Chemist: 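Dropping the structure in here first, questions after.
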Amino acid sequence: MNPSAGPSSPRPPAPMSCRRRAGGTSLSGEGRGPPGAGSGRGLHLRVFRVDGDRAPRIACASPFPRGNREMADQTPLSDDLGATEREIIAHRLEKAAGLRALGVNPYGNGLSPTHLAADLVARYGDLPAAQIAEDPGPWSVAGRVLAVRDFGKAAFLKLQDRSGQIQVWVKKDRVGERDFAVYKLLDVGDIVAATGPATRTRTGELTVEAAGFTILTKATRPLPEKWHGLTDVEQRYRQRYVDLVVTPGVREVFVKRARIVSTIRRFLDERGYLEVETPTLHKPEEAGGAAARPFETHHNALDLELKLRIATELHLKRLVVGGLDRVYEIGRIWRNEGIDRRHNPEFTTIEFYQAYATHQDLMTLTEQLFHELAVQVTGAPVITFQGQAIDLTPPYPRVSMLAEGARALGLSPEDALAGRGLAEALARAAAREQDGADAWKLEQAARRSPGEIVAAAFEVFCERQLPKDRPAFVVDFPLETSPLSRRRDADPRLVDRFELFVAGMEVANAFSELNDPADQRARFEAQLKAKAAGDDEAMPFDEDFVRALEHGMPPTAGEGIGVDRLAMLLTDSPSIRDVILFPLLKTRE
RNA sequence: GGGCGCGUAGCUCAACUGGCAGAGCAAUGGACUCUUAAUCCAUAGGUUGAAGGUUCGAUUCCUUCCGCGCUCACCA
């Protein structure tokens, strides 16, 4: 994937180094630097920043005024600084003052580079220095300095912008006295701009040979060590801004995540779906659509108890009633539950609903979508997740929850659903189960309905045996596991539902929707009973939703996909926190 | 919430059985105009996550607390 989000081909080298926004001071070109700014021979584009509209000033002030240390020490600093860091920050503040003395605002604005690092790579590729010299630019780049190799009167900088990295070569006899004085106030981590022709150094690295150089933003805190970077995952999540700068691949993960979302959006738009937004603040009776505990909040002016939504389902189905036959929502939902490698309290789902479709239609659509995602995001239909190759090329195998769950218990599907010999089979299975937690799970299931027992047996014995080298649809869900699904006409003990598993993770859940208002009312009533019996994940009775169904919802199929887990798969990330920019962490101290 | 593990300089890590808290990078001063973790000389940098306890002596052992990771339960 091309990491550059900019122009696909390099713009022709601009005659002027940098674009100026209105109100800015025009850039000096050849011979128009501040007084005393060094020799004027050769290409001598100059990049510098002047505060406001004032003219350039102060060419040769002391670049490093002494007596600023006291000032720096008085600058408000956080209390949590060690002596080393305090000293580093004080030094950098002194350098910021030195920049001001040179007429350079250490937090200047108004100067935009006209090129990206990737533009130079795209233009020159592997061309040798001699050919680059035939058409060397100039080029104008800006970015964060990740490394400095200083030789006294010259230096190599490793510059990083949104497209990649490019080396900048700052030579005193090329940039002139003043810009070199600016360079001398540089620290790793600062954001700089450089202008000059391209070249290739003796060691073969594509390089901007700076004819003009300035510091745009002074970083007063040091970056982590250049070689090891940040390895403490806690710091990486808490200070994602640092992580993005210094940890290779992090930016690419979030670029891919954005591409996942845009690919889904385009996929559904092309098929006539309408994107909508529904409330995230739910009244208590609306906060259903899934089995989960909601977050609670309160609206002051209305004095209203509210919950953050746990699903988008019930509102989207109301819209299908209203005639929006194909709708989808990509949005954040919140579930007040545990946190682990696959769960974050807030996460993103895509839910879409299609009238006059069945869950069979959605299986085909899902296969097309996942194949498309793999190609668009990773460039190929076969992805690699944690060392396992997974082929997302359709079709995907179907695995029957009923047949496999019953078989794991040594029963026929008929006997299992009828409960014949089920208790004994379950006890035998639990007894031979080595894993204590799984055995406990089976024992707990014994108190539940036959359908739920089959589902539990499938979960314990069969889920881990699903194909690892490709996705799999789990089908034939017992009715009791699916309160919002439509019963199967051919066998009312089952529902028309599937879940898609990839790499052992459930990433999609879909079914033909229940649109019989009487049945829906009965199922909500069952939820109320469950809640009264202590199930705090049971749904509330949403009277208005039943009312909507009473107006008639066309036969509809709907699906929900976990965007975060999809991002894990397509970026080969082992933890959901690696695909969430700012995962929830406890407050420190 | 349970179990296991981790927390030492800005960053990455050492410190034996309880015995003077150390190194690399970064920083600071100096040399160096083709480097790739540049090199060389010198200097400085510590509330060992926090609070207690045991001990002549605690980074080390014990207790409690805080934070993070893995895992189990719940869940998508």
Side-chain angles (χ1 to χ4, degrees), chain A residues 64 69 79-92 94-95 129 146-158 165 167-175 180 187-189 199-205 207 209 219-239 242 246 290-293 310-311 333-351 435-438 440-441 444 459 499-501 505-509 535-537 560-566 568 574-577 583 585-589:
Chain A
F64 202 92
R69 181 176 290 266
D79 300 335
D80 60 344
L81 296 179
T84 306
E85 191 172 21
R86 191 176 295 274
E87 182 188 324
I88 290 171
I89 291 172
H91 276 298
R92 289 180 172 221
E94 287 175 12
K95 290 178 182 176
L146 295 185
V148 178
R149 286 180 279 274
D150 186 290
F151 287 84
K153 294 188 184 62
F156 296 95
L157 316 181
K158 187 160 84 175
Q165 299 181 350
Q167 179 166 265
V168 172
W169 191 4
V170 180
K171 294 190 284 188
K172 189 175 185 180
D173 60 2
R174 192 66 194 272
V175 300
F180 200 71
D187 289 295
V188 172
T199 187
R200 194 175 291 284
T201 60
R202 213 171 275 165
T203 50
E205 177 140 354
T207 299
E209 192 176 348
T220 49
R221 287 199 187 241
L223 285 176
E225 194 225 356
K226 60 188 172 188
W227 188 241
H228 296 94
L230 268 189
T231 61
D232 179 350
V233 292
E234 179 181 353
Q235 274 200 61
R236 289 187 47 217
Y237 298 149
R238 286 189 194 277
Q239 298 172 34
V242 176
V246 302
R293 299 167 61 182
I310 58 172
I333 64 177
W334 293 266
R335 296 189 183 174
N336 205 340
E337 288 161 355
I339 297 175
D340 64 27
R341 220 173 57 226
R342 296 187 199 81
H343 299 85
N344 194 62
E346 52 179 316
F347 61 107
T348 302
T349 61
I350 157 79
E351 281 195 33
D435 188 314
D438 281 344
W440 185 85
K441 193 182 288 182
Q444 291 302 303
E459 197 179 317
E499 286 184 346
L500 181 67
F501 280 80
M505 284 192 294
E506 181 196 336
V507 292
N509 179 22
D535 181 356
D536 50 12
E537 291 185 348
I561 297 174
V563 171
D564 310 83
R565 289 185 176 176
L566 199 50
M568 289 169 66
S575 168
I576 198 169
R577 295 176 164 202
L585 297 177
K586 283 193 190 177
T587 305
R588 271 189 146 164
E589 284 159 336

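Being a predicted model, the structure only gives us computed values, none of them experimental. Chain letters run A, B, ... following the sequence lines, proteins first, then strands; residues in each count from 1.
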Chemist: With a 4.0 Å limit, can you tell me whether A/K172 has a side-chain N or O closer than that to the phosphate oxygens OP1/OP2 of B/rU33?
Modeler: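 No, no such contact exists.
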Chemist: Determine if A/F347 stacks with B/rA76; use a centre-to-centre distance below 5.5 Å and an interplanar angle below 30° as the criteria.
Modeler: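 Check passed, A/F347 stacks on base of B/rA76.
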Chemist: Is a donor-acceptor pair below 3.5 Å formed from side chain A/E205 to base B/rU35, judging by atom type as modelled?
Modeler: no
Chemist: Base, sugar-phosphate alone, or nothing: which one does A/G229 contact when heavy atoms must sit under 4.0 Å apart?
Modeler: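 Sugar-phosphate, no base atom in range.
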Chemist: Can you tell me how far C1' in B/rA50 sits from the matching atom in B/rU59, rounded to whole Å?
Modeler: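 Pairwise C1' distance, B/rA50 against B/rU59, rounds to 14 Å.
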Chemist: Can you check the distance between B/rU48 and B/rU8, where both ends of the measurement are the P atom (answer in whole Å)?
Modeler: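 After rounding to an integer number of Å, I get 11 Å for this pair.
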Chemist: Please measure how far the C1' atom in B/rA21 lies from the corresponding atom in B/rC34, and state the result in whole Å.
Modeler: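 Rounded to whole Å, the distance is 41 Å.
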Chemist: Just say parallel, tilted or perpendicular for the rings of A/F156 and A/W169, cut-offs at 30° and 60°.
Modeler: parallel
Chemist: What is the separation between atom CZ on A/R341 and atom P on B/rC68, rounded to the nearest whole Å?
Modeler: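 So the CZ-P distance, A/R341 to B/rC68, works out to 18 Å.
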Chemist: Nearest whole angstrom, please: distance from the C1' of B/rG10 to the CG of A/L223.
Modeler: 10 Å
Chemist: Side chain of A/R335 only, heavy atoms from C-beta on: which candidate in B/rA76, B/rC11, B/rC32 is closest?
Modeler: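 Of the candidates, B/rA76 comes closest.
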Chemist: Would you kindly check whether a donor in the side chain of A/D150 faces an acceptor in the base of B/rC32, or vice versa, at under 3.5 angstrom?
Modeler: yes
Chemist: Using a 3.5 Å distance criterion without hydrogens, assess whether the side chain of A/R565 forms a donor-acceptor pair with backbone atoms of A/E506.
Modeler: yes
Chemist: Once you apply the 3.5 Å cut-off to both distances, tell me the Watson-Crick or G-U wobble partner of B/rU35, or none.
Modeler: none
Chemist: Considering only B/rU35, B/rA27, B/rC34, which nucleotide approaches the side chain of A/R202 most closely?
Modeler: B/rC34
Chemist: Just to be sure I understand the rule, does A/L585 reach a base, reach only the sugar-phosphate, or reach nothing, if contact means heavy atoms closer than 4.0 Å?
Modeler: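 Since only primed, P, OP1 and OP2 atoms lie under 4.0 Å of A/L585, the category is sugar-phosphate.
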Chemist: Take atom P in B/rU17 and the same atom in B/rC6, then report the distance between them in whole Å.
Modeler: 15 Å
Chemist: Using atom CD of A/E234 as one end and atom C1' of B/rG7 as the other, report the distance to the nearest whole Å.
Modeler: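 Rounded to whole Å, this separation is 9 Å.
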Chemist: When you compare B/rU54 with B/rU60, how far apart are their P atoms, in angstrom units rounded to a whole number?
Modeler: 15 Å
Chemist: Determine the Euclidean distance between corresponding C1' atoms of B/rG5 and B/rA9; express it in Å to zero decimal places.
Modeler: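 It works out to 24 Å between them.
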Chemist: I need the NZ-P distance between A/K586 and B/rG49, as an integer number of Å.
Modeler: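 Distance check: A/K586 NZ to B/rG49 P gives 19 Å.
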Chemist: Heavy-atom nearest nucleotide on RNA chain B for A/E346 versus A/S575: which residue maps closer to 5'?
Modeler: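 Looking at RNA chain B, the more 5' nearest nucleotide goes with A/S575.
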Chemist: Report yes if some heavy atom in the side chain of A/I576 is under 4.5 Å from a heavy atom in the side chain of A/P583; otherwise report no.
Modeler: no
Chemist: Using a 5.5 Å cut-off between ring centres and planes within 30 degrees, is A/F151 stacked on the base of B/rC32?
Modeler: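 A/F151 ring does not meet the centre or angle cut-off for B/rC32; no stack.
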Chemist: So, does A/R238 get its side chain near the phosphate of B/rC68, meaning an N or O under 4.0 Å from OP1 or OP2?
Modeler: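 A/R238 to B/rC68 OP1/OP2: side-chain N or O found under 4.0 Å.
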Chemist: Looking at A/R238, I want to see if its CZ is surrounded by more than 12 non-hydrogen atoms of other residues, nucleotides or ligands under 6.0 Å.
Modeler: yes
Chemist: Under a 3.5 Å cut-off for both contacts, is B/rA50 paired Watson-Crick or G-U wobble with anything, and if yes, with which nucleotide?
Modeler: B/rU64
Chemist: So, does A/Q235 get its side chain near the phosphate of B/rC11, meaning an N or O under 4.0 Å from OP1 or OP2?
Modeler: yes
Chemist: Check this for me, if you would: do A/K171 and A/E209 make a salt bridge, where the nitrogen-to-carboxylate-oxygen distance has to be below 4.0 angstrom?
Modeler: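 So A/K171 pairs with A/E209 through a salt bridge.
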Chemist: Mind calculating the distance between CD (A/E225) and P (B/rA9) to the nearest angstrom?
Modeler: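 After rounding, the gap between these two atoms is 14 Å.
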Chemist: Return yes if some donor-acceptor pair links the side-chain N/O of A/N509 with the main-chain N/O of A/E499 below 3.5 Å, else return no.
Modeler: no
Chemist: OP1, OP2 of B/rC13 versus side-chain N and O of A/T231: anything below 4.0 Å?
Modeler: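 For B/rC13, OP1 or OP2 has a side-chain N or O of A/T231 closer than 4.0 Å.
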Chemist: How far, in whole Å, is B/rC40 from B/rA26 if one measures between their P atoms?
Modeler: 11 Å
Chemist: Can you tell me the base-pairing partner of B/rU59? Count Watson-Crick or G-U wobble geometry only, both distances below 3.5 Å, and say none if there is no partner.
Modeler: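 WC or wobble partner does not exist here.
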Chemist: Give a yes/no on whether any side-chain N or O of A/K226 is located under 4.0 angstrom from OP1 or OP2 of B/rA26.
Modeler: yes
Chemist: I would like to know whether A/E205 and A/R200 meet side chain to side chain contact (heavy atoms under 4.5 Å, CB included); could you show each step before the answer?
Modeler: CA-CA 5 Å; A/E205 177 140 354; A/R200 194 175 291 284; 5.9 Å; no
Chemist: Looking at B/rC34, B/rG10, B/rU12, which one has an atom nearest to any side-chain atom of A/W169?
Modeler: B/rC34
Chemist: Rounding to a whole Å, what distance do you find between A/I88:CD1 and B/rC11:P?
Modeler: 10 Å
Chemist: When you measure from the side chain of A/R341 to the backbone N and O of A/P574, does any donor-acceptor pair fall under 3.5 Å?
Modeler: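 The answer is yes, because a donor-acceptor pair under 3.5 Å joins these two groups.
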Chemist: How many whole angstroms separate atom CZ of A/R342 from atom P of B/rA73?
Modeler: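 After rounding, the gap between these two atoms is 10 Å.
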Chemist: What's the CD1-P distance between A/I339 and B/rC72, to the nearest Å?
Modeler: 16 Å
Chemist: Enter the distance from A/I310:CD1 to A/R293:CZ here, rounded to the nearest 0.5 Å.
Modeler: 11.5 Å
Chemist: Measuring to OP1 and OP2 of B/rU28, would you say a side-chain N or O of A/K95 lies under 4.0 angstrom away?
Modeler: yes
Chemist: For the P atoms, the ones on B/rC4 and on B/rG22, what distance do you get once it is rounded to whole angstrom?
Modeler: 34 Å
Chemist: Both distances under 3.5 Å, Watson-Crick or G-U wobble: report the partner of B/rG10, or none.
Modeler: B/rC25
Chemist: Just compare B/rU12, B/rA44, B/rC34 and give me whichever is closest to any side-chain atom of A/F156.
Modeler: B/rC34
Chemist: Name the pairing partner of B/rG1, where a pair is Watson-Crick or G-U wobble with both distances under 3.5 Å, or state none.
Modeler: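 Here B/rG1 is engaged in a pair, and the nucleotide opposite it is B/rC72.
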Chemist: Base, sugar-phosphate or nothing for A/N336? Non-hydrogen atoms, less than 4.0 Å.
Modeler: nothing
Chemist: Is there a donor N/O on one and an acceptor N/O on the other, under 3.5 Å, for the side chain of A/D340 and the base of B/rC72?
Modeler: no
Chemist: In terms of the nearest nucleotide of RNA chain B, which residue is placed more toward the 5' end: A/G562 or A/P574?
Modeler: A/P574
